Amino acid sequence: MSATRGQANVVGVALLLGVGVVAIGLLTASVGGLVDAQIASADADAAADGFSSFRDGVVAAANDSYPVRVTDGDLSRVNRTVRITSETRPTRTYDADGYVADLGGHRVAFVGGAVVRGTGDSAALVTPVPVAFAGDAAFLTVPVLTADATDGGGLGSGAALRTQTTRTVTDRPADGYAVAVETATPDAWERAFERRGFNTTRTDFDGDGTESVVATVPDERTLTVARYDVSVVIDRG
């Protein structure tokens, strides 16, 4: 074998080794990314389950603890408002607020009495809308976070939302009502309301850039409003 040919073989082997190292690196990164995505999706499943149990407990006025079994993530309190408008009476406003869990690109929110799950610009309600009607009556549930409810924090290694809930029920006379829910995911709320027979519009009532989805209750009906004042403490670990 000539010296030139020997050097070429060495260079070829070195190139093959280099390509192999790069391929292994890309494969490792790809597998790592896939694993991270699967973990984030599983965390979103767990958060949606935990928030749904939390929501069910609140509307049952139960004082209980609701686990959110995720591996990582952050919980934030968000400023959200629910409004009742009518044809003959002043608008009734509830500073309801809500919670959002950020989980590696997934987002699960408890706002306006419903749970919303999504990624990016895509989202969907995983619980029913908080308004219903039957016969001559309509019904609305409005969870309102109290001033002392937690502002949120880390959810790493799992956490539980411990609640104290007080329910107040108010009956309003027959009128033409609409319910407006301020939300960062209006498309999801519109679809959910319209599936339940409501016509919807959008309005930014306070000009803060976050729109409200306004769901009009068909025809004139009485409206029973169940308000739930909810104090929340996060128990970690």
Side-chain angles (χ1 to χ4, degrees), residues 36-37 39-59 63-83 93-127 129-130 141-165 180-190 192 202 204-213 227-237:
D36 288 344
I39 291 173
S41 180
D43 281 347
D45 289 342
D49 289 344
F51 277 21
S52 296
S53 297
F54 170 66
R55 177 255 182 201
D56 292 346
V58 167
V59 298
N63 297 321
D64 209 336
S65 184
Y66 305 95
V68 182
R69 296 187 174 90
V70 300
T71 61
D72 199 4
D74 292 305
L75 183 73
S76 301
R77 180 169 176 161
V78 291
N79 183 3
R80 296 289 183 266
T81 302
V82 175
R83 295 176 173 85
T93 300
Y94 300 87
D95 295 323
D97 288 356
Y99 287 121
V100 175
D102 290 311
L103 307 147
H106 292 254
R107 184 177 183 274
V108 180
F110 171 77
V111 172
V115 178
V116 186
R117 174 180 176 175
T119 58
D121 295 331
S122 175
L125 270 69
V126 298
T127 60
V129 293
T141 59
V142 188
V144 176
L145 299 182
T146 60
D148 64 347
T150 180
D151 288 333
L155 293 173
S157 301
L161 306 179
R162 179 160 46 88
T163 65
Q164 289 282 335
T165 304
V181 179
E182 190 178 31
T183 173
T185 55
D187 290 344
W189 279 89
E190 284 177 337
R202 294 189 193 184
D204 185 355
F205 285 93
D206 52 14
D208 66 354
T210 303
E211 293 181 311
S212 293
V213 174
R227 168 178 173 154
Y228 299 85
D229 290 287
V230 189
S231 175
V232 182
V233 175
I234 298 180
D235 294 324
R236 293 185 173 81

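Note that these values count all heavy atoms, side chains included, but never hydrogens, waters or copies made by symmetry. From a predicted model like this one, the values you see are computed outputs, not experimental measurements.
- Judged by distance alone, the side chain of Ser122 and the main-chain N or O of Gly118 form no donor-acceptor pair under 3.5 Å.
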task: List the steps, then state whether side chain to side chain contact (heavy atoms under 4.5 Å, CB included) holds for Thr81 with Ser212.
output: CA-CA 8 Å; Thr81 302; Ser212 293; 6.0 Å; no
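- A distance of 7.0 Å separates CG in Asn79 from CG in Asp95, rounded to the nearest 0.5 Å.
- Closest non-hydrogen pair, Ala123 versus Val116, comes out as CB-CG1, 3.9 Å.
- Residues passing the salt bridge (Lys or Arg N to Asp or Glu O under 4.0 Å) test with Asp74: none are found, sequence neighbours excluded.
- Between the Tyr99 side chain and the Thr150 main chain, a donor and an acceptor come within less than 3.5 Å of each other.
- Looking at Arg83, its side chain never comes within 3.5 Å of a backbone N or O of Phe205 through a donor-acceptor pair.
- Heavy-atom minimum distance, Leu103 versus Gly73: CD2-CA, 4.0 Å.
- Contact record, Val70 with Ala46: CG1-CB, 4.1 Å, taken as the closest heavy-atom pair.
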- request: Tell me, with the steps shown, if Arg117 and Asp45 meet side chain to side chain contact (heavy atoms under 4.5 Å, CB included).
  value: CA-CA 9 Å; Arg117 174 180 176 175; Asp45 289 342; 2.5 Å; yes
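- A salt bridge between Asp187 and Arg202 is present, with a side-chain N of the basic residue lying under 4.0 Å from a carboxylate O of the acidic one.
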message: Could you walk me through whether Arg107 and Thr185 satisfy the side chain to side chain contact (heavy atoms under 4.5 Å, CB included) test, starting with their C-alpha distance in whole Å, then the side-chain angles of each, then the deciding distance to 0.1 Å, before giving a yes or no?
response: CA-CA 11 Å; Arg107 184 177 183 274; Thr185 55; 3.8 Å; yes
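- Distance check, rounded to the nearest 0.5 Å: CD1 of Ile234 to CG of Leu75 gives 4.5 Å.
- Atoms CD and CG, from Glu182 and Asp206 in turn, are 5.0 Å apart once rounded to the nearest 0.5 Å.
- Residues meeting the side-chain contact (heavy atoms from CB on, under 4.5 Å) test with Asp121, sequence neighbours left out: none.
- Looking at residues two or more places apart in sequence or on another chain, you find no salt bridge (Lys or Arg N to Asp or Glu O under 4.0 Å) involving Arg69.
- For Arg55, there are no salt bridge (Lys or Arg N to Asp or Glu O under 4.0 Å) partners two or more places apart in sequence or in a different chain.
- Here Asp72 pairs with nothing under the side-chain contact (heavy atoms from CB on, under 4.5 Å) rule; sequence neighbours left out.
- Applying the salt bridge (Lys or Arg N to Asp or Glu O under 4.0 Å) rule to Asp43 yields no partners; only residues at least two apart in sequence or on another chain are considered.
- Tyr66 and Val58 make their closest contact through OH-N, 4.4 Å (heavy atoms, listed as atom of the first residue, atom of the second, distance).
- The shortest heavy-atom contact between Ala109 and Val100 is CB-CG2, 3.9 Å.
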message: Test side chain to side chain contact (heavy atoms under 4.5 Å, CB included) on Val115 and Phe54; report intermediate values, then the result.
response: CA-CA 10 Å; Val115 178; Phe54 170 66; over 6 Å; no
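- Contact between Thr165 and Asn63 at its shortest, heavy atoms only, is N-OD1, 2.7 Å.
- Remark: the backbone N or O of Val230 is paired with a side-chain donor or acceptor of Thr146 at under 3.5 angstrom.
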